[in-house]
Amino acid sequence: MILPRDFYFRPVQSVARDLLGKRLTHLISGQRVGGIIVEAEAYDGEQDLACHARVGKTERNKVMYSQGGHAYVYFTYGMHWMLNCVTGETGYPSAVLIRAIAPTDGLEFISVQRPNVQEKQLCNGPAKLTKALAITGELNGSDLCDPDGALFIEQGEAISDNNIRITPRIGIQTTPEPWLSKPWRFVATLS
DNA sequence: TCTTCGATTGTCT
DNA sequence: GACAATCGAAGAA
């Protein structure tokens with residue numbers, strides 16, 4: 001059961017929190033590869049100086065300005081892909097960075113993608129999970145609400161508030177306050 | 001266990 | 001020409 005587009009038409013912080021426990025799937029040659037989302041971060045518009053859209057609309061970040069429910073996939077550090085879910089109405093650049101999942105489907109595919117890696121470390125980072133699920137720039141702009149698409153997010157398990165940790169965002173060291181300390185990272189604690 | 005640092009390229013100024 | 005929403009290896013303690 002794929003999440004309806006309405007799910008993404010809410011404040012990006014709410015979407016980030018509620019994505020925890022949902023099921024991310026990449027369909028590869030008909031095979032389901034994916035897992036449960038356990039970590040996500042919110043990036044909220046041009047005023048958020050940690051958000052790519054802080055410099056306005058560019059060729060790179062234009063997908064963030066599209067309608068909620070689409071995938072924003074970008075390349076960074078010369079070697080890593082990152083996966084985001086666009087939120088909000090067309091024209092408002094906000095998105096949720098998917099930072100980690102607990103893999104449940106296509107484990108043999110994942111182990112080929114990430115050889116010699118302990119199970120717990122397979123998808124516990126934003127670049128790790130894109131590598132594990134073979135997500136690249138080809139999927140940039142994909143509609144996550146399309147049941148015939150290759151990449152989609154389905155209803156999963158509800159995560160209660162006392163199983164969620166909220167912290168500042170990671171990897172934005174050069175971002176000035178107050179954005180640096182915004183509690184916009186959501187982590188589902190296992191068990 | 002903790003900290004430092006190299007890899008590697010698309011994108012923006 | 002600078003640097004990035006990172007990772008993992010290597011070295012120190």
Side-chain angles (χ1 to χ4, degrees), chain A residues 8 11-20 22 24 26 35 37-66 68-88 92-103 109-142 144 151 153 164-188:
Chain A
Y8 302 97
V12 63
Q13 296 84 359
S14 302
V15 177
R17 183 252 175 262
D18 291 342
L19 275 175
L20 300 183
K22 300 297 187 289
L24 171 70
H26 185 196
I37 297 172
V38 296
E39 185 176 340
E41 284 177 3
Y43 288 86
D44 190 14
E46 295 179 351
Q47 76 280 3
D48 177 1
L49 295 183
C51 180
H52 285 170
R54 65 184 177 276
V55 295
K57 190 173 183 176
T58 68
E59 185 60 30
R60 181 199 204 195
N61 66 27
K62 64 182 180 185
V63 174
M64 282 186 89
Y65 289 76
S66 66
H70 288 80
Y72 170 40
V73 184
Y74 68 87
F75 188 74
T76 193
Y77 288 109
M79 62 184 78
H80 296 307
W81 292 101
M82 302 284 144
L83 171 66
N84 302 251
C85 303
V86 177
T87 67
Y92 187 80
S94 56
V96 176
L97 172 67
I98 307 299
R99 290 190 57 88
I101 66 172
F109 181 95
I110 290 176
S111 64
V112 170
Q113 289 287 298
R114 293 182 45 69
N116 307 316
V117 176
Q118 296 297 312
E119 180 178 346
K120 205 169 171 193
Q121 322 237 350
L122 283 173
C123 300
N124 65 338
K128 298 180 188 181
L129 82 88
T130 57
K131 171 80 172 173
L133 305 197
I135 291 170
T136 70
E138 292 178 20
L139 293 167
N140 192 30
S142 299
L144 298 170
L151 188 66
I153 299 178
I164 293 180
R165 281 209 330 267
I166 300 178
T167 78
R169 292 172 289 183
I170 302 294
I172 56 171
Q173 303 305 331
T174 61
T175 301
E177 297 288 3
W179 310 108
L180 180 60
S181 299
K182 290 285 185 187
W184 288 353
R185 172 172 177 246
F186 302 85
V187 185

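Within every chain, numbering begins at 1; the chains are lettered A, B, ... in the order of the sequence lines, protein sequences first and strands thereafter. A quick note: this is a predicted structure, and the numbers were derived from the prediction, not measured.
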Which whole-number value in Å describes the distance from [X] [atom1] to [N] [atom2]?
| X | N | atom1 | atom2 | value |
| --- | --- | --- | --- | --- |
| Leu129(A) | dA5(C) | CG | P | 16 Å |
| Arg54(A) | dC3(C) | CZ | C1' | 11 Å |
| Gln173(A) | dA4(C) | CD | C1' | 13 Å |
| Leu122(A) | dG8(C) | CG | P | 10 Å |
| Leu83(A) | dC7(C) | CG | P | 13 Å |
| Gln118(A) | dA9(C) | CD | P | 12 Å |
| Leu97(A) | dA4(C) | CG | P | 16 Å |
| Tyr72(A) | dA4(C) | OH | C1' | 11 Å |

Check whether any side-chain N or O of [X] sits under 4.0 Å from OP1 or OP2 of [N], and answer yes or no.
| X | N | result |
| --- | --- | --- |
| His52(A) | dA5(C) | yes |
| Arg99(A) | dT6(C) | yes |
| Lys131(A) | dT6(C) | no |

Heavy-atom side-chain contact between [X] and [Y] under 4.5 Å:
| X | Y | value |
| --- | --- | --- |
| Val86(A) | Val63(A) | yes |
| Val12(A) | Val96(A) | yes |
| Met82(A) | Val73(A) | no |

When all nucleic acid strands are considered with a 4.0 Å heavy-atom cut-off, which category describes [X]: base, sugar-phosphate, or nothing?
| X | answer |
| --- | --- |
| Ile172(A) | sugar-phosphate |
| Ala127(A) | sugar-phosphate |
| Arg114(A) | sugar-phosphate |
| Arg169(A) | nothing |

Mutual orientation of the aromatic rings belonging to Tyr74(A) and Tyr72(A) [parallel < 30°, tilted 30-60°, perpendicular > 60°] = tilted

message = Could you check whether Asn61(A) and Lys57(A), counting side-chain N and O atoms only, form a donor-acceptor pair closer than 3.5 Å?
response = no

ask   = Does the side chain of His70(A) pick up a donor-acceptor pair with the side chain of Tyr8(A) at under 3.5 Å?
value = no

query = Any idea which of dA5(C), dT6(C), dA4(C) is nearest the Thr174(A) side chain?
reply = dA4(C)

message = Can you tell me which residue among Asp44(A), Asn84(A), Thr87(A) is in a side-chain hydrogen bond (donor to acceptor under 3.5 Å, both in side chains) with Ser94(A)?
response = Thr87(A)

message = For the C1' atoms, the ones on dC5(B) and on dC3(C), what distance do you get once it is rounded to whole angstrom?
response = 16 Å

inquiry  = Against the six-membered ring of Tyr43(A), is Arg169(A) placed for a cation-pi contact (under 6.0 Å from the centre, within 45° of the normal)?
reply    = yes

inquiry  = Let's test this: given Watson-Crick or G-U wobble pairing with both distances under 3.5 Å, identify the partner of dT8(B).
reply    = none

Show the distances under 3.5 angstrom between N or O atoms of the protein and N or O atoms of nucleotides 8-12 of chain B.
| unit_1 | atom_1 | unit_2 | atom_2 | d |
| --- | --- | --- | --- | --- |
| dT8(B) | O2 | Tyr77(A) | O | 2.6 |
| dT9(B) | O4' | Gly78(A) | O | 3.4 |
| dC12(B) | OP1 | Thr58(A) | OG1 | 2.2 |
| dC12(B) | OP1 | Arg60(A) | N | 3.2 |

task = Answer yes or no as to whether dA5(C) has its base stacked against Tyr43(A), where stacking requires a ring-centre separation under 5.5 angstrom and planes under 30 degrees apart.
result = yes

